[in-house]
Amino acid sequence: MAVTQHIDTTGAQAGADMAALTAERESHGWKWLLSLPALTILVFAASGPLLIVLIYSVLTPAEYGGVVWELSGRAWFQVFFRRDIFDPDEVTLNWSHLSVLWRSVSLAFQTTVICAILGFPTAWFISTRPPGQREIWLLLITIPFWTNLVIRTFAIQEVIRNQGVINSLLMNLNIIHSPIQMMYTDFAILVGMAYVFLPLMVLPVFAAMDKLDTRLLEAGYDLYASRWEVLRRIVFPLVRPGFIAGSILVFIPSIGSYVTPRLLGGGRNMMLSNLIELQFGQGRNWPLGAALALTLLVIVLVALVFYLRTIGGDEDKQHG
Amino acid sequence: MQETTGRLPLAWAVLMGSTAFAAAEEINIYNWGNYTSPEMVEKFEEETGISVSITDYDSNDTAIARIRRGGHGFDIVMPSNSYVPIWIEEGLVQPLDTGIVTDLDNIEAQWRDPEFDPGREYSVPWAWGSTGVAVNTSSYDGDIHTSDIFLDPPEELRGNINVVPEMVDVMHLAANHAGGERCTDDPEVLRTMRDTLTEAREHWISLDYGTIDSYTEGDFAAGVYWNGDTLRARLADPDIAYGYPQEGFPIWMDNAMVLADAQNPDAAMQFINFILQPENAGMNSNFHRFASGIAGAEEYMDPEMIDAPEIVIPEDLAGAGEFTRTCPSEVNDIYTQIWSELLQ
């Protein structure tokens, strides 16, 4: 009985709150119309195309690209499984797709780690400059963004190719006698992606550091913490949200990266986006391409949820 | 998607309508990038007063997907031979108006009645060439007229081979190498193809479109490449040579066609007839470095092109060349599967 009563009171309370809220809403009743342009864009420009991708993924491929309006689950089956070419009854896991998937996740993860390792000292350097200078350094960080991605990628190609800047320099200095093969390797892809996405890590980490109260560091030293302990137990926990934001910003475009693996990786090993392109182009299997694109989307979503959970968990701990 | 396709043509119609009053006559050409001689276009504009604008595409699939959607505003397109039947079958192009296109006889005899457009009812040649192998002869001095160059590479070339990522061409070469026909679905041939490719891939450095510089500056010692591009590379570095694989190699031809929903079909037909003239075809060849398929065009071609081994197929190897074909879906699916395994 007591329990019911309790519920009743909270219920009443909530009811009153709701009433106040609705009253408030009614007075602004028509104002939501102002957000109509934004809503339209969200619904039609974001969800609309996605819906088309979803629909295409359950249709039948047409003979020469495009789709036939017949429902089929074949594309989704093909994402993960394949029938043996020579024995159609034998169904196995589609290792080529899974390994491309794994490569994409792994390279994107490595890029994120490299960006974090390089981004931290950079952000630290900037945040410890006098206030007037910081803007200049931040500006310098964003300069690469002013140039087209393809051009930046070609620039890297010029640096690391066999007759490129690094190899000719080393050969002229007689340090090496034949060029080091850097182009067309995973190393090249990682260099390219880390270079392109580094600012996306530096900026949020800097933003977190900017808010860092330096008195906490002094307090740490006063309590006989070593430099390493100050870094590990004060700085890292406080700039962690910056790292998490930066990691999301780097990981997502890395995993969907198309131009960099294509130009620097030499196409010997596909990443997911190259596999998707193959299906829409020469493979003439649009539904499979659509299903693979959605698979990529799901991976990104899972990664996002994972990151957000980690942040959420942290905040709970702090409050507790 | 359905919704937008309905509106776009309307928007275009309004746009095209308004420009029609402004400019006298105009044609919009939808062509592969870096493939149309600006000099030739200028000559056409001077002779006819029709202004020309060109939009690039990078693959047959891109081109056909865009035209299918409608509302494109283009008049002329240049599909490859393997795609020509699809364009015709789907009604995307219109038959040539022989009232305006009067010089079909200028087409070289061997291209007048091709399997992809019997009787040349819809298309005229723009350029043709072959996919073979480019080899830097300073790295390897053996026989280069074989697809062993990339499928069973000699020691000297291993690790420095590039293959253009054109699945259909590579599969065509691999099928011929395995003793089969293009688009084959013979399991034995397919098995050999897959095994050969998987083994050969270990010796490839990349599957890249590459640039001529990649060959002249030593990034690639050999590779699967097009004849016209190899010609350009040889002009920059005389050590580079083009091989026609004796096991069989693909021939392709890009063809000018007028779209069914062309804005200005008459002007487009005039352009088609214009490129049939040997002088104009030769001018165009000098730019894109491929043969034009128009008789007498040699007279107007740069001297270094006329006898170029990349342009003139040696007689004993000519029989090995065969037009590429768009394989049926079942075969294409198998090819894509092998291709994905190769690049996993």
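Reminder, nothing fancy here: chain letters follow the sequence lines and each chain counts from 1. Atoms considered below: every heavy atom in the structure, side chains included; atoms not considered: hydrogens, waters and symmetry mates.
For chain B, the nearby parts of A:Arg262 are the backbone and the side chain; heavy atoms of each come within less than 4.5 Å. Looking at B:Tyr335, neither its backbone nor its side chain comes within 4.5 Å of chain A, counting heavy atoms on both sides. The contact between B:Arg201 and chain A is made by backbone and side chain atoms together, counting heavy-atom distances below 4.5 Å. For B:Glu166, the parts lying near chain A are the backbone and the side chain together; criterion is any non-hydrogen pair under 4.5 Å. Heavy-atom distances place both the backbone and the side chain of B:Arg191 under 4.5 Å from chain A. Heavy atoms closer than 4.5 Å to chain A are found in the side chain of B:Asp61, but not in its backbone. Heavy atoms closer than 4.5 Å to chain A are found in both the backbone and the side chain of B:Ser340.
Considering only heavy-atom pairs separated by less than 4.5 Å from chain A, the leading option among B:Ile86, B:Asp333, B:Ile334 is B:Ile86. The choice from A:Asn269, A:Asn162, A:Val100, A:Leu275 that makes the most heavy-atom pairs within less than 4.5 Å of chain B is A:Asn269. Here B:Asp208 is the residue among B:Asn162, B:Asp208, B:Ile338 with the most heavy-atom pairs under 4.5 Å with chain A. Here A:Gly267 is the residue among A:Gly267, A:Gly265, A:Gly65, A:Ser99 with the most heavy-atom pairs under 4.5 Å with chain B. For chain B, the option among A:Met271, A:Gln163, A:Gln282, A:Arg103 with the highest count of heavy-atom pairs below 4.5 Å is A:Gln282. For the set A:Gln181, A:Met183, A:Gln78, the count of heavy-atom pairs under 4.5 angstrom toward chain B peaks at A:Gln181.
Taken to the nearest 0.5 Å, the CD1 atom of A:Ile85 stands 5.5 Å off from the CZ atom of B:Arg194. Rounding to the nearest 0.5 Å gives a distance of 3.0 Å between OH of A:Tyr184 and CZ of B:Phe220.
In B:Arg325, the CZ atom is not crowded: 12 or fewer heavy atoms of neighbouring residues, nucleotides or ligands sit closer than 6.0 Å. More than 12 heavy atoms of other shown residues, nucleotides or ligands fall within 6.0 angstrom of atom CZ in A:Arg152. Atom CZ of B:Phe323 has more than 12 heavy atoms from other residues, nucleotides or ligands within 6.0 Å.
Two residues are said to be in side-chain contact when any heavy atoms from C-beta on lie closer than 4.5 Å; A:Glu63 and B:Glu89 fail this criterion. In this structure the side chain of B:Gln344 never reaches within 4.5 angstrom of the side chain of A:Trp102, judged on heavy atoms. You'll find the side chain of A:Asn285 stays beyond 4.5 Å of the side chain of B:Thr336, heavy atoms only. A:Leu278 places a side-chain heavy atom less than 4.5 Å from the side chain of B:Trp339.
Closest of all the heavy-atom pairs between A:Tyr64 and B:Glu90 is CD1-OE2, 4.3 Å. The heavy-atom pair separating B:Asp213 from A:Arg161 by the smallest distance is O-NH2, 3.9 Å.
Using a distance-only test at 3.5 Å, with no hydrogens or angles considered, a donor-acceptor pair links the side chain of B:Asn332 to the main chain of A:Gly283.
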